[in-house]
Amino acid sequence: MNPDALAELVRDVARDVLTERELDLSALPADAGVERPRNPEHGDYATNVALRTAKKAGVPPRDLATWLAEALAARDGIAAAEIAGPGFINLRLAADAQGAVVGDVLAHGTAFGAGDELAGQKLNLEFVSANPTGPVHLGGTRWAAVGDALGRVLQARGAAVTREYYVNDAGAQIDHFASSLIAAATGGPTPDNGYGGAYVGEIAQRLVAANPGVLDLPEAERHRVFRDTGVALMLEEMRSSLHAFGTDFDVWFSELSLHASGAVQESVGQLKDSGALYEKDGAWWLRSTEQGDDKDRVVIKSDGSPAYIAGDIAYLRDKRARGFDRCIYMLGADHHGYTVRLKAVAAAFGDDPSVVEVLIGQLVNLVRGGEPVRMSKRAGTIVTLEDFVDAVGVDAARYSLVRSSVDSTLDVDLDVISRQTSDNPVFYVQYAHARLSSLARNAADLGLTPGESYGLLEHPREGDLIRTLGGFPEVVRSAAELREPHRVARYLETLASAYHKFYDSCRVLPMGDEEISELHRARLALCVAARQVLANGLALMGVSAPERM
RNA sequence: GCCCCCGUAGCUCAGGGGAUAGAGCGUCGCCCUCCGGAGGCGAAAGCGCAGGUUCGAAUCCUGCCGGGGGCACCA
């Protein structure tokens, strides 16, 4: 019996009891369920349903708990139901009922943990979207890991996900980038507001090599070639480093294309016509204060040119036209003020602002030997995605970024992560998987095959492991609902721990010439299930599940 | 001044109103006659402060203190 089934049973019994006692059925919370108590003495599962229902039903919690416990104890699969404290009911499952979870895992395989509550939802996930004026740095890397993992989690629960990268290839920064490339190609000094990293020289060199004679073009023409080709080369580099990182985008959306196609003009015109924008001081304004902004924002400047947000207006309209139910934006903390503006854009189109969902990720701080490392794209003293991966590898890099809530600023100590020791919890989780893989190989050598006598799995640590496995689908479900993929990472650490503890106490393979028993076979099944769930969880984070380490 | 995030063990971080607040690393002490010791067992050590809501608050609300990040007719 998995937690869902048990919760269903509890609600079922509660309805029976309330009906029988002629109490108010609506007192029962719809989400009444079970939880795993911290203290093992409190049973396999516990429910607070009596506490939550008693007041509204008008009966003392302990009385209600008593009735519920009696009724629960009589049900199949429940070995014991005891009242504790103010009205908790502590439940113990029969070993065979609980062990059936192992069979569930084996039956579902890679699909264990998947669900369908998001089926039919079309979600657009926009993340990274770093300016194509330099390599992806650490902040973008955090989103590359978290955004991709979130996409995997959402897909696992049934959503249709499009990963999208908004390319800011219009605007002054791009011109500064082009000027910097020209300066590098001609041996001139890096211009003010320009970019001076080593990568600028490399790209300039490649650009000139691929376009002989480009330096002899008239200035405007030369600038255009450097800008367009430079951005293309830069993007190709970013795309390939993101790919190596395990993050691939379905759509690379050009900001410039929105201007070139007239989409900006059209969408702004639409909002002018509908009265969503108003004119003041020669400019056109978005009523962002209606969504809580400090002040309204300019969409069309008084000189007639579009402000940055005009692109966002066209872009959101485009996304909605492509049929996305939700547009999720993942932004750095330095852009948090943008949240209300984007919601205001949705509202301007007459949409519910909740179609725009903005996730704010706090910044990643770099530390080296306790000293903070300053990041500056222009000075070239940045730590890039590639630097990070070179230092610790893709798995450790992704895992260390995904395992924490994006609400937390993250301190990454380069000295620590460069050591490549087992400081990182990813090794703990991967090791469990490797150990289980090894066990599977040994079992195969011995001719041991998984068995289904799950009722034999009565050791406390077998029970812990089984219950942990049973909790996986709910973890994935909540990670998707809350947009918090780090929950999966934390779960995996718990699972790895439960497995190691089990393995320390319970012998799986027959010793010496011991005969193969049903217990051996049931334990092997449990191990296969544990390995499956570890692999499924690691896959959700885009981290490999090694057979050997 | 206004807005967002954070404040939990020595460090980095978990903890969706529930019982005795957890993990990794670090410190100290244990455990290998065969399945991977990259493991297990034990010890020391913590919710910034003050109110409020609740049967029950690390969690929700308010205020204060401390840290980080934002507040453009820039992009």
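The figures here come from the full heavy-atom set of this structure, side chains too, leaving out hydrogens, waters and symmetry mates. In this text the structure is predicted, and so the values were computed from the model without any measurement.
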Legend entry - Strand-adjacent residues in residues 518-533 of chain A, judged by heavy atoms under 4.0 Å from RNA chain B: none

Legend entry - Near-strand residues of residues 294-304 of chain A, defined as heavy-atom separation under 4.0 angstrom from RNA chain B: A:Asp294, A:Lys295, A:Arg297, A:Val298, A:Lys301, A:Ser302

Legend entry - Touch class at under 4.0 angstrom, heavy-atom based, for A:Ala283 against every strand present: base

Inset, instruction - Looking at every strand, decide which applies to A:Thr409 at a 4.0 Å heavy-atom threshold: base, sugar-phosphate, or nothing. - result: sugar-phosphate

Legend entry - All salt bridge (Lys or Arg N to Asp or Glu O under 4.0 Å) counterparts of A:Arg92, not counting sequence neighbours: none

Inset, instruction - With sequence neighbours left out, write down each residue that passes salt bridge (Lys or Arg N to Asp or Glu O under 4.0 Å) with A:Glu547, or none if nothing qualifies. - result: A:Arg531

Inset, instruction - Provide the Watson-Crick or G-U wobble partner of B:G63, both distances under 3.5 Å; none if there is no partner. - result: B:C49

Ring pair (Phe, Tyr, Trp, His ring centres under 6.0 Å) partners for [X], two or more places apart:
X: A:His500; result: A:Tyr428, A:Tyr431
X: A:Tyr329; result: none
X: A:Tyr491; result: A:Phe472
X: A:Tyr315; result: A:Tyr166, A:Phe253

Can you pull every protein N or O that's under 3.5 Å from an N or O on nucleotides 29-31 of chain B?
none

Legend entry - Results of side-chain hydrogen bond (donor to acceptor under 3.5 Å, both in side chains) for A:Thr289 - residues two or more places apart only: A:Asp296

Legend entry - Under the side-chain hydrogen bond (donor to acceptor under 3.5 Å, both in side chains) test, residues paired with A:Glu462 that sit two or more places apart: A:Arg523

Ignoring backbone atoms, test whether [X] places a side-chain nitrogen or oxygen under 4.0 Å from the OP1 or OP2 oxygen of [N].
X: A:Asn442; N: B:G36; answer: yes
X: A:Lys501; N: B:C41; answer: yes
X: A:Ser408; N: B:A14; answer: yes

Inset, instruction - With rounding to the nearest 0.5 Å, note down the distance linking CG in A:Leu519 to SG in A:Cys506. - result: 8.0 Å

Inset, instruction - Quickly work out the A:Leu410 CG to B:G69 P distance and round it to whole Å. - result: 15 Å

Legend entry - A:Asp395 CG - B:A38 P separation (whole Å): 19 Å

Inset, instruction - Report the glycosidic orientation of B:C35: syn if within 90° of 0, anti in every other case. - result: anti

Legend entry - Side-chain-base donor-acceptor pair under 3.5 Å for A:His336 and B:G69: yes

Legend entry - Contact letters for nucleotides 15-22 of chain B, in which S counts primed atoms plus P, OP1 and OP2 and B counts the base, heavy atoms under 4.0 Å: SB-BBB--

